There are 2 protein chains.
Amino acid sequence: MYSGLLTDKYELTMLSAALRAGTAERRSTFELFARRLPDGRRYGVVAGTGRFLEALPEFRFDDDACESLAEFLDRDTLGYLRDFRFRGDVDGYAEGELYFPNSPVLSVHGSFAECVLLETLALSIFNHDTAVASAAARMVSAAEGRPLMDMGSRRTHEQAAVAAARAAYIAGFAASSNLDAHRRYGVPTEGTSAHAFTLLHTGPDGPDEPAAFAAQVDALGVGTTLLVDTYDVSTGVDNAVAVAGTGLGAVRIDSGDLGVLARQVRAQLDRLGATGTRIVVSGDLDEFAVAGLRAEPVDSYGVGTSLVTGSGAPTANMVYKLVEVDGMPVEKRSARKESHGGRKAALRLSRPTGTITEEIVHPAGQPVESNDPSRVLTVPLARHGEAVADTDLSSARKLVASGLRSLPWEGLMLSHGDPAIHTTQIPARRP
Amino acid sequence: MYSGLLTDKYELTMLSAALRAGTAERRSTFELFARRLPDGRRYGVVAGTGRFLEALPEFRFDDDACESLAEFLDRDTLGYLRDFRFRGDVDGYAEGELYFPNSPVLSVHGSFAECVLLETLALSIFNHDTAVASAAARMVSAAEGRPLMDMGSRRTHEQAAVAAARAAYIAGFAASSNLDAHRRYGVPTEGTSAHAFTLLHTGPDGPDEPAAFAAQVDALGVGTTLLVDTYDVSTGVDNAVAVAGTGLGAVRIDSGDLGVLARQVRAQLDRLGATGTRIVVSGDLDEFAVAGLRAEPVDSYGVGTSLVTGSGAPTANMVYKLVEVDGMPVEKRSARKESHGGRKAALRLSRPTGTITEEIVHPAGQPVESNDPSRVLTVPLARHGEAVADTDLSSARKLVASGLRSLPWEGLMLSHGDPAIHTTQIPARRP
């Protein structure tokens, strides 16, 4: 599942050079963080932590991998990799925590060798999952309590789809269409029907929508969701209620002006007596479209493309940087990419009402005093390579929900803006 | 690898309903195509065909999968899935072929049941791989022969990264940093070094860049690529040549104004006598930045984020539609989503010079006559569930290269525009 080959070649050539130079065992800390949020975003949602912790013990180099690596690696490095297993410690933000620019989302401690090998894996997992969860949280807040369903599997890589379903669920989506996300992570699944099923019921006399609906209701019961826009929405709704009765679970509309159609369909359903039949809308929805439908009689949303592609920000652009070697802070010097050396931790300040006001990133082991209520964000995630943090999705879901409640009101605005709170960085004291 | 669970729930509930209604075995054709190219793109590059064909025999439902599905599926449907294996036929465009709006990229023939089950898998693979290959081809044409290297694994899901490396290679990238792409698909790998390796060589007296360079050259030889921008580029170049000598393979610059720095570094290397040392640039490059560096002394490009996220178009937005049932053309009727029923094939017309002029999509089995030179695009890909097409990456690479040469000149412009050629759709004759 998580082969050691899911990484960049340079990590292994650096390992080779460090082993030969005798620097591979230096005690190191790497930190994973984002220098900035995606353009105009006001907050981000950390996701991927559970997948990363699950990957740690599996990230090994088996015979097959070593054979492939023997094309360019020396014998000593191959020997190191054959026995490799990450045995270091990891601290960081719990999955589902909000983050802001320079939040030390992950802090990985161990030998240079074992920490550098995790670079690509950690970044791949966090950059992907965080991008999806961050977009999903905006949709969840835009939906104001109406359930959202992930239908995006088909718009992204087949394995990324599973991780996206997981990230969306963490962010507050109610369900996913992805079956493997249910098997692997227990994400609730939902499904409706496709135009293909209606089209399948075509005979010599042409389309037969009632036959398609009857077949679906026969197999799945009247609680099912019938797709009513294959031919004509109004006729589709008539056919749906005629076949399923007024106890029909829901109808789905997947095209056209969803707001106008939702109003027309609601009125039609009510006229037909199907007052309890819900309306599901889908079709190129993003957080703005979801917000735009708030005034309409929509009961739930199916979201695809914009969810799995991070709604304009398909990667969280997190980086993984060496910040400390043998107790010494280190940092790249560059006018444009400022980083601050030294192992860090963070806490978040709030008003007594619970609204957050500031994040403080400080050198680890040098706690900060504050008169305001505060919460420590940096928690132990792994010790000696073993996960020690709760990786239950329901905990992460609760954390996102409480994080969204803690934002100042402008933090929930969908428009472009600055991060919702300021981050103060306290630099390491030089030894 | 390709579990049957990598799909949407509604495919299995549709299967259940179709089995019960007796319509599951109807002869069906589904087609995979894009209604339009991503905003402003002038062509697309088909990728994913090889991965899809490789997935066909592996897309099964094992005991573990069936156990998970038993939560909501009836016994008959589970029985069908236990024995399931796609045994239909697939026609379509060869991997690496250019495509345009409504090009019938894939045509899947079989029972409704077996074809509908492939929907999400096919779309996931093609939407992802095609998005990456299409962006990559623009970078390749912008680089005008200078080699490009994929460094984007860390910016996308860890498994998507492997597929992205494969798609980029098909589109003409020279290599990837991704080691698993080499093992699985034979994609050539390259690697340089990270800032972390330079920072690792920090002692009580502070940073020691020469020690880092010496360790790298000692392990990897003077042909290696040294990263010179950790502290100061000019000092970095001096250190690099002092350590490796004038035979140094390359230096990499990863930050700052890459054009200005490339010129300064080239002059400095030449002054130092390292006239053969190449310059590799990286750092938030996309096709526009690659084109903008054409006049600079850059020898190769490392591209990350913009490659793996499709440079603004992270999904190809292809759809998978039922177009024929028991020989009858079927189609959804909707003002905005026009589709044309019936199984289709395509050919591409060109001038005698080889420049393409038009694509013709016509009903399969009703060939089109033309006085212009033409090439048939629809080829057999699988028969009875077994791949029959060449899935060699080098063939796909050649096809992309010849496709780019065949475009009219405006087709290679990076600016927003219309598709490079017009597609003519000849509707099916109604029986």
Side-chain angles (χ1 to χ4, degrees), chain A residues 3 5-10 13-14 16-17 20-21 23 68 112 116 120-121 123-125 127-128 153-161 163 177 179-180 183 189 191-197 199-200 202 215-216 218-220 230-231 255 305 309 314-315 322 325 328 330 332-334 336-337, chain B residues 3 5-10 13-14 16-17 20-21 23 68 112 116 120-121 123-125 127-128 153-161 163 177 179-180 183 189 191-197 199-200 202 215-216 218-220 230-231 255 305 309 314-315 322 325 328 330 332-334 336-337:
Chain A
S3 157
L5 293 185
L6 294 172
T7 193
D8 289 316
K9 184 175 193 174
Y10 81 170
T13 52
M14 286 190 280
S16 164
R20 204 172 158 97
T23 48
S68 172
F112 175 79
V116 80
T120 306
L121 181 76
L123 286 171
S124 289
I125 292 175
N127 273 327
H128 175 268
S153 294
R154 62 192 52 200
R155 304 286 177 225
T156 186
H157 183 276
E158 66 278 10
Q159 295 289 347
S177 62
L179 292 167
D180 213 33
R183 184 182 59 88
T189 52
T192 62
S193 187
H195 298 116
F197 187 75
L199 293 172
L200 170 66
T202 300
Q216 186 177 333
D218 183 45
L220 306 172
T230 304
Y231 305 113
S255 51
T305 305
T309 61
T315 180
L322 180 64
V325 177
M328 295 172 293
V330 296
K332 175 176 185 298
R333 280 186 212 141
S334 152
R336 292 183 51 218
K337 289 184 185 169
Chain B
S3 157
L5 292 186
L6 294 171
T7 194
D8 289 315
K9 184 175 192 172
Y10 81 171
T13 51
M14 286 191 280
S16 164
R20 203 174 159 98
T23 49
S68 172
F112 174 79
V116 78
T120 306
L121 181 77
L123 286 171
S124 289
I125 291 176
N127 273 327
H128 175 268
S153 294
R154 62 192 54 200
R155 304 287 177 224
T156 186
H157 183 276
E158 67 276 11
Q159 295 288 346
S177 61
L179 292 167
D180 213 32
R183 183 182 61 87
T189 52
T192 63
S193 187
H195 298 116
F197 187 75
L199 294 171
L200 171 66
T202 299
Q216 187 178 332
D218 183 45
L220 306 172
T230 304
Y231 304 114
S255 50
T305 305
T309 60
T315 181
L322 180 63
V325 178
M328 296 173 293
V330 296
K332 174 176 185 300
R333 281 187 211 140
S334 151
R336 292 185 50 219
K337 288 184 184 171

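In this text, all values refer to a predicted model and were calculated from it rather than measured experimentally.
The backbone N or O of B:Thr156 sits nowhere less than 3.5 Å from a side-chain atom of A:Thr315 that would complete a donor-acceptor pair. Within the 3.5 Å criterion, the main-chain N or O of A:Ser153 finds a donor-acceptor partner in the side chain of B:Ser124.
If you tally non-hydrogen atom pairs under 4.5 Å between each of B:Ala21, B:Pro314, B:Gly191, B:Ala194 and chain A, the highest count goes to B:Ala194. Note: B:Ser177 leads B:Ala215, B:Ser177, B:Ala161 in heavy-atom pairs under 4.5 Å with chain A. Each of A:Ala163, A:Ala160, A:Ser16 has some count of heavy-atom pairs under 4.5 Å with chain B, and the biggest count is that of A:Ala160. Heavy-atom pairs under 4.5 Å with chain A were tallied for B:Val116, B:Val325, B:Thr7, B:Thr120; the largest tally goes to B:Thr7.
In terms of heavy atoms, A:Leu200 sits closest to B:Leu322 at N-CD2, 3.6 Å. In terms of heavy-atom proximity, B:Arg183 sits nearest to A:Ser68 at CB-OG, 3.8 Å. Across all their heavy atoms, B:Ser193 and A:Tyr10 have their closest contact at C-CD1, 3.4 Å. Nearest approach of B:Thr202 to A:Met328, heavy atoms of both residues: O-CE, 3.4 Å. The two residues A:Ala196 and B:Phe112 come nearest to each other via the heavy atoms O-CE1, 3.9 Å. The shortest heavy-atom contact between A:Leu199 and B:Lys332 is CD2-N, 3.9 Å.
Contact of A:Asn127 with chain B is made through the side chain alone, with heavy-atom distances under 4.5 Å. If you measure heavy-atom distances from B:Thr305 to chain A, the contacts under 4.5 Å come from the side chain alone. Residue A:Leu220 touches chain B through its side chain alone, counting heavy-atom pairs closer than 4.5 Å.
Below 30°, between 30° and 60°, or above 60°: for B:His157 and A:His157 the angle between ring planes is below 30°, a parallel geometry.
Rounding to the nearest 0.5 Å places CD of B:Glu158 at 11.0 Å from OG of A:Ser3. Interatomic distance, A:Asp180 CG to B:Leu5 CG, rounded to the nearest 0.5 Å: 5.0 Å. For the atom pair NZ of B:Lys9 and OG1 of A:Thr192, the computed distance is 11.0 Å after rounding to the nearest 0.5 Å.
Residues A:Gln159 and B:Leu6 have side chains in contact (heavy-atom distance under 4.5 Å, counting atoms from C-beta outward).
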